[in-house]
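Working notes, structure below.
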Amino acid sequence: MSSYMAATTGDMAWTKRYHSYVGLLDNAIEEAIKLAPEAYSDAAAHQTDDANKVLVSMEEKALDLVEKGKRDEAQKILFSDQYRTQKKIYADGMNKFSILLTTNVSEHIEHEVKKAYYTSMVAIFIIAIIVAVWLITIKHLKDWQYHLKKNETALRHAKKQADQANMAKSEFLALMSHELRTPLNSIIGMTKILCDESPMGSEEHEMSSTIYKSGMLLLNTVNDILDLSKIEANQMILENVGFDLKQVIHSVVETLAPKASKRGLSLNCNFKTPNMPIVKGDPVRMSRIIMNLVGNAVKYTEQGSIDIIIAFTKKEQNSIELECSVIDTGIGIPEDRLDAIFQKFTQADETITRQFGGTGLGLTITKDLVEMMGGEIGVTSKEGHGSTFWVKIPFEITQSVDNESEPKLEEIPSFEKTSQGIPADQGKILIAEDHELNQIFIKKILNRLGFKNYDIEENGILAVDAFKKGSYDLILMDCHMPEMSGYEATDAIRDLEKKSGAHIPIVALTADAMPGTREKCLKAGMDDYLDKPIDSDKLKVILSRWFILSENK
């Protein structure tokens with residue numbers, strides 16, 4: 001049983017006990033055979049001896065694996081069917097041998113009492129040793145079963161705690177997402193309006209532009225942390241729609257080209273393989289991967305160029321492997337930091353953070369996304385001479401581009417878009433929003449779009465009361481409000497509409513960026529969804545489904 005305990009606990013003290021017990025038992029059996037060789041002469045006895053040799057060989061192999069730290073492999077040997085079969089043969093043989101030995105000794109005692117006295121004492125002593133070893137084995141077996149049961153209980157408890165911690169983490173992230181995005185909505189939105197309204201080149205425009213950029217940087221950091229948390233919690237769900245890889249890459253290049261040009265860098269994109277096919281995958285996350293790699297190259301390159309090399313190889317009839325390399329002439333990465341570059345909150349060294357900023361999450365998220373897509377990512381670099389980041393991702397070929405990632409009008413219940421809308425200056429909107437700064441920002445946007453009639457309520461109860469009293473054309477509903485949430489208020493309004501047969505469009509406004517939020521809003525009876533910080537252009541697109549908007553800012 002010492003081998004069992006060594007494999008289970010990893011305590012090498014059991015190895016010494018094992019060798020001691022084996023040696024003691026072998027000596028005892030040898031003495032017994034000398035005393036009564038006829039008890040060990042039949043075929044069953046030899047089969048027992050063979051079984052013992054197999055068991056010793058397997059147990060020594062298991063102990064050797066324990067010494068090497070391979071406890072799982074050792075346990076597989078000791079729990080194998082072969083081991084159990086040989087153990088049974090050995091136990092049955094030893095039992096038979098004990099019986100034969102006892103009988104033989106009794107006969108010697110009866111016929112040669114004086115001569116056999118010493119021999120009988122030795123035999124009894126040997127039997128006592130065998131029984132003692134057997135009892136010790138049984139005791140160790142019980143100990144092993146106890147420890148196994150205890151470990152199983154501890155594992156179940158640990159899993160339960162891990163599940164509870166994961167749930168608490170998700171709830172915390174949802175709360176923090178809302179609490180951070182809500183004030184950011186006002187900061188980014190209001191400064192965007194200031195940027196648009198202040199004269200270009202003026203001090204006011206420069207200051208508001210600085211605030212706007214800072215707000216966007218903070219929002220990007222919040223999004224990075226949320227994305228990483230969603231990936232770690234297995235809450236990141238990839239789309240699988242048809243999209244144009246070439247268009248996605250060109251879009252990234254067009255977005256970053258002005259920034260590269262401003263830094264005096266040459267940004268080049270070279271498609272090595274012609275006729276890039278339409279593929280199925282997640283275009284948003286694919287764009288994020290390319291954006292992170294090229295964005296880093298622009299950020300850490302002070303002079304020279306960034307080259308994006310795109311190629312693909314056909315793996316099967318309907319699949320390809322995309323190969324994308326981003327080559328820069330930037331600061332490079334020290335050789336001893338290459339292995340750590342994809343770890344979260346890690347950059348090449350501390351001076352990078354001070355000089356260029358950043359959280360060190362971009363490459364971690366990129367690596368996680370690439371691996372979620374079934375691909376791989378790597379880097380080669382020489383400090384002071386630039387870096388080459390490469391990704392290889394498999395894709396299934398398809399024939400057409402889908403638009404599944406965009407909101408669909410057919411998903412909107414009880415609403416049919418008509419060619420005629422309500423003029424904005426004649427429409428009336430109910431705003432359900434508890435945050436005062438967001439109230440001001442939404443009013444600003446509505447005024448710019450030509451709306452003159454709107455009411456504001458700060459919680460769901462007041463919003464439902466206002467709906468009962470007023471005649472509104474649309475409701476902008478914040479999902480998280482005191483006293484009654486936007487979900488509960490929407491449910492109450494839909495219940496009231498069942499009596500009248502009417503249907504007022506309700507657009508959800510929420511700072512909750514966790515997976516499934518949009519689906520939750522539509523399931524609650526809302527007609528569309530807009531996340532915070534509110535993008536005025538996106539809000540304009542949504543409102544244009546029901547209203548004729550003013551062309552004036």
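Values below: all heavy atoms of this structure, side chains included; hydrogens, waters and symmetry mates excluded. Residue indices begin at 1 and follow the sequence shown.
Within the 4.5 Å cutoff, the side chain of Pro394 has no heavy atoms near those of the Ile320 side chain. The side-chain heavy atoms of Ile475 and Ile429, taken from C-beta on, include no pair separated by under 4.5 Å. The shortest distance between side-chain heavy atoms of Cys479 and Cys521 falls below 4.5 Å.
Side chain of Thr329 to backbone of Ser305: a donor-acceptor contact under 3.5 angstrom is found. Between the side chain of Glu376 and the backbone N or O of Glu371, no donor-acceptor pair lies under 3.5 Å. Remark: the backbone N or O of Asn459 is not paired with any side-chain donor or acceptor of Glu457 at under 3.5 angstrom.
The side-chain hydrogen bond (donor to acceptor under 3.5 Å, both in side chains) pairs that include a residue from residues 242-254 number zero, where partners must be two or more places apart or lie in different chains. Sorted by first and then second residue, the salt bridge (Lys or Arg N to Asp or Glu O under 4.0 Å) pairs involving residues 490-511 (not counting sequence neighbours) are Arg494-Glu497, Arg494-Asp527, Asp495-Lys498. Judged as a ring-ring contact (aromatic ring centres under 6.0 Å, His included), not a single pair has a partner in residues 310-332 (not counting sequence neighbours).
For the residue pair Asp368 / Thr366, no side-chain donor-acceptor distance below 3.5 Å is found, with atom types taken as modelled. For the residue pair Gln161 and His157, a side-chain donor N or O sits within less than 3.5 Å of a side-chain acceptor on the partner. No hydrogens or angles considered: a donor-acceptor pair under 3.5 Å links the side chains of Asp307 and Asn268.
For the residue pair Leu265 and Val298, the shortest heavy atom distance occurs at CD1-O, 3.8 Å. Taking every heavy atom of both residues into account, Pro505 and Asp473 meet most closely at CD-O, 3.3 Å. Contact record, Gly386 with Ser381: O-OG, 3.1 Å, taken as the closest heavy-atom pair. Contact between Ala508 and Met526 at its shortest, heavy atoms only, is CB-SD, 3.1 Å. Val253 approaches Leu267 most closely through the heavy-atom pair O-CD2, 3.9 Å. The two atoms that bring Trp390 and Val379 nearest to each other are NE1-N, 3.7 Å, heavy atoms only.
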Could you go through Lys523 and Glu519, starting from their C-alpha distance and side-chain angles, then the distance that decides it, and tell me whether this counts as salt bridge (charged side-chain N to carboxylate O under 4.0 Å, His left out)? CA-CA 6 Å; Lys523 188 176 180 181; Glu519 290 73 15; over 6 Å; no
Dump the intermediate steps for side-chain contact (heavy atoms from CB on, under 4.5 Å) on Ile393 and Glu321, then the final yes or no. CA-CA 5 Å; Ile393 304 175; Glu321 182 178 69; over 6 Å; no
Which side-chain N or O atoms in residues 463-471 pair as donor and acceptor under 3.5 Å with protein atoms at least two apart or in another chain?
none

Return all side-chain donor-acceptor pairs below 3.5 angstrom for residues 277-284, not counting sequence neighbours, or 'none' if the list is empty.
{"from": "Asp282", "atom 1": "OD1", "to": "Val284", "atom 2": "N", "distance (Å)": "3.1"}
{"from": "Asp282", "atom 1": "OD1", "to": "Arg285", "atom 2": "N", "distance (Å)": "3.1"}
{"from": "Asp282", "atom 1": "OD2", "to": "Glu239", "atom 2": "N", "distance (Å)": "2.9"}
{"from": "Asp282", "atom 1": "OD2", "to": "Arg285", "atom 2": "NH1", "distance (Å)": "2.9"}

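Within 6.0 Å of atom CD in Glu323, more than 12 heavy atoms from other residues, nucleotides or ligands are found, so the atom counts as buried in its surroundings.
A cation-pi arrangement, defined by a distance under 6.0 Å to the six-membered ring centre and an angle within 45 degrees of its axis, is absent between Lys428 and Tyr454.
Remark: Phe441 engages no residue in a ring-ring contact (aromatic ring centres under 6.0 Å, His included) (not counting sequence neighbours).
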